[in-house]
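One structure is given below, encoded as structure tokens.
None of the values given here were measured: they were computed from a predicted structure. Along the sequence shown, the residues carry numbers beginning at 1.
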Amino acid sequence: DNNRSHIFTYSQDGYLLYAFSGPDVTAGGLRMPVAVTQQGEYLYVADTGTRSVCVYRQTAFARSVHQALAAEYSGDLQEAREAWEAVLEQSAGYALAYVGLGKIAYQSGEYETAMQLFEESQNSVWYSKAFKQYRAAQMEQYFVPAACTLAAAAAAVAVLLIRRRLRRRKQQTKDSL
């Protein structure tokens, strides 16, 4: 970002992971970043404003985030859960960690927990997906028993009404004789 002299890092899903640097070149900042490349845990940024290449090393927080994402993308849910929880220990309000934990809960069928985590991260798209699955699970769990109960109640009412009608007819037949 040439306007703010920041580097923004995104996940492959398009989530903002973190931003760093700034215009203070005395503290490792940038003036006009024009190219970025990464090798291992080092990030190289070409800056035409200072006519230099700045080298940044990943922080422990960035390593934790990348570890969590790598575990999530590889499908190792347990490792991803532990890594996202470690990220939250470093930054309790980090929304992407709540999204990651929410996706893990979602994939594990823990839809109510997933909804809470997505709500915490303010991620309405994943919240809606979790809510849809939660609602379907609730309908599956309660619909058949509720429908059977209603059918039984309707049958009982019908039997009572038929018996009442038969008694009235029987009484009318007796009265007319």
E112 and Q116: side chain to side chain donor-acceptor pair (under 3.5 Å), yes or no, with the steps? CA-CA 6 Å; E112 192 170 9; Q116 293 168 354; 4.8 Å; no

Can you name the closest pair of heavy atoms from Q107 and L77 and give their distance? OE1-CD2, 2.9 Å

Gap between atom CD of Q171 and atom CG of L166 - 0.5 Å precision: 13.0 Å

Sequence-distant partners of R63, salt bridge (Lys or Arg N to Asp or Glu O under 4.0 Å), two or more places apart: E41

Any side-chain heavy-atom pair from Q58 and T9 closer than 4.5 angstrom? no

Take Y111 and Y106 through the ring-ring contact (aromatic ring centres under 6.0 Å, His included) test and state the conclusion after the steps. CA-CA 5 Å; Y111 303 118; Y106 181 88; 5.5 Å; yes

List, by chain and number, the other hydrophobic cluster members for V55, where Ile, Leu, Val, Met, Phe, Trp and Tyr join if side-chain heavy atoms come within less than 4.5 Å, directly or indirectly. Y42, Y44, V53

Check whether Q38 reaches the backbone of G40 with its side chain - one donor and one acceptor, N or O, closer than 3.5 Å. yes

Inter-residue atom distance R165.CZ - L161.CG, 0.5 Å rounding: 7.0 Å

Heavy-atom closest contact (L101 atom, E85 atom, distance): CD2-CG, 4.2 Å

I need the minimum non-hydrogen distance between V99 and S121, along with the two atoms involved. CG2-OG, 3.4 Å

In short, L30 meets D47 closest at the heavy-atom pair CA-OD2, 3.4 Å

Please step through side chain to side chain contact (heavy atoms under 4.5 Å, CB included) for the pair Y15 and V65, ending with a clear verdict. CA-CA 12 Å; Y15 291 106; V65 169; over 6 Å; no

Go through the steps for M115 and E119 under the test side chain to side chain contact (heavy atoms under 4.5 Å, CB included), then give the verdict. CA-CA 6 Å; M115 287 168 45; E119 185 175 27; over 6 Å; no

Any ring-ring contact (aromatic ring centres under 6.0 Å, His included) involving residues 129-154? Give me the pairs, sequence neighbours left out, ordered by first then second residue. none

Quick one: closest heavy-atom pair of Q90 and S64, and the distance? NE2-OG, 2.7 Å

R167: which residues meet the salt bridge (Lys or Arg N to Asp or Glu O under 4.0 Å) condition with it, sequence neighbours left out? none

Flag, side chain of S91 to backbone of L88, donor-acceptor distance under 3.5 Å: no

Kindly indicate whether the side chain of F118, heavy atoms from C-beta on, has any atom under 4.5 Å from the side chain of K103. yes

Residue pairs involving residues 67-104 (criterion ring-ring contact (aromatic ring centres under 6.0 Å, His included); sequence neighbours excluded): F61-Y94

Checking E72 against S11 for the side chain to side chain contact (heavy atoms under 4.5 Å, CB included) test, could you report, in this order, the C-alpha distance in whole Å, the side-chain angles of both residues, the deciding distance, and whether it holds? CA-CA 12 Å; E72 184 179 317; S11 71; over 6 Å; no

From CD1 (I104) to OG1 (T113), nearest 0.5 Å: 12.0 Å

Which pair of non-hydrogen atoms, one from A130 and one from A114, has the smallest distance, and what is that distance? CB-CB, 4.0 Å

So do L17 and H66 actually touch side chain to side chain, heavy atoms under 4.5 Å? yes

Identify, with sequence neighbours excluded, every residue that meets salt bridge (Lys or Arg N to Asp or Glu O under 4.0 Å) alongside K129. none

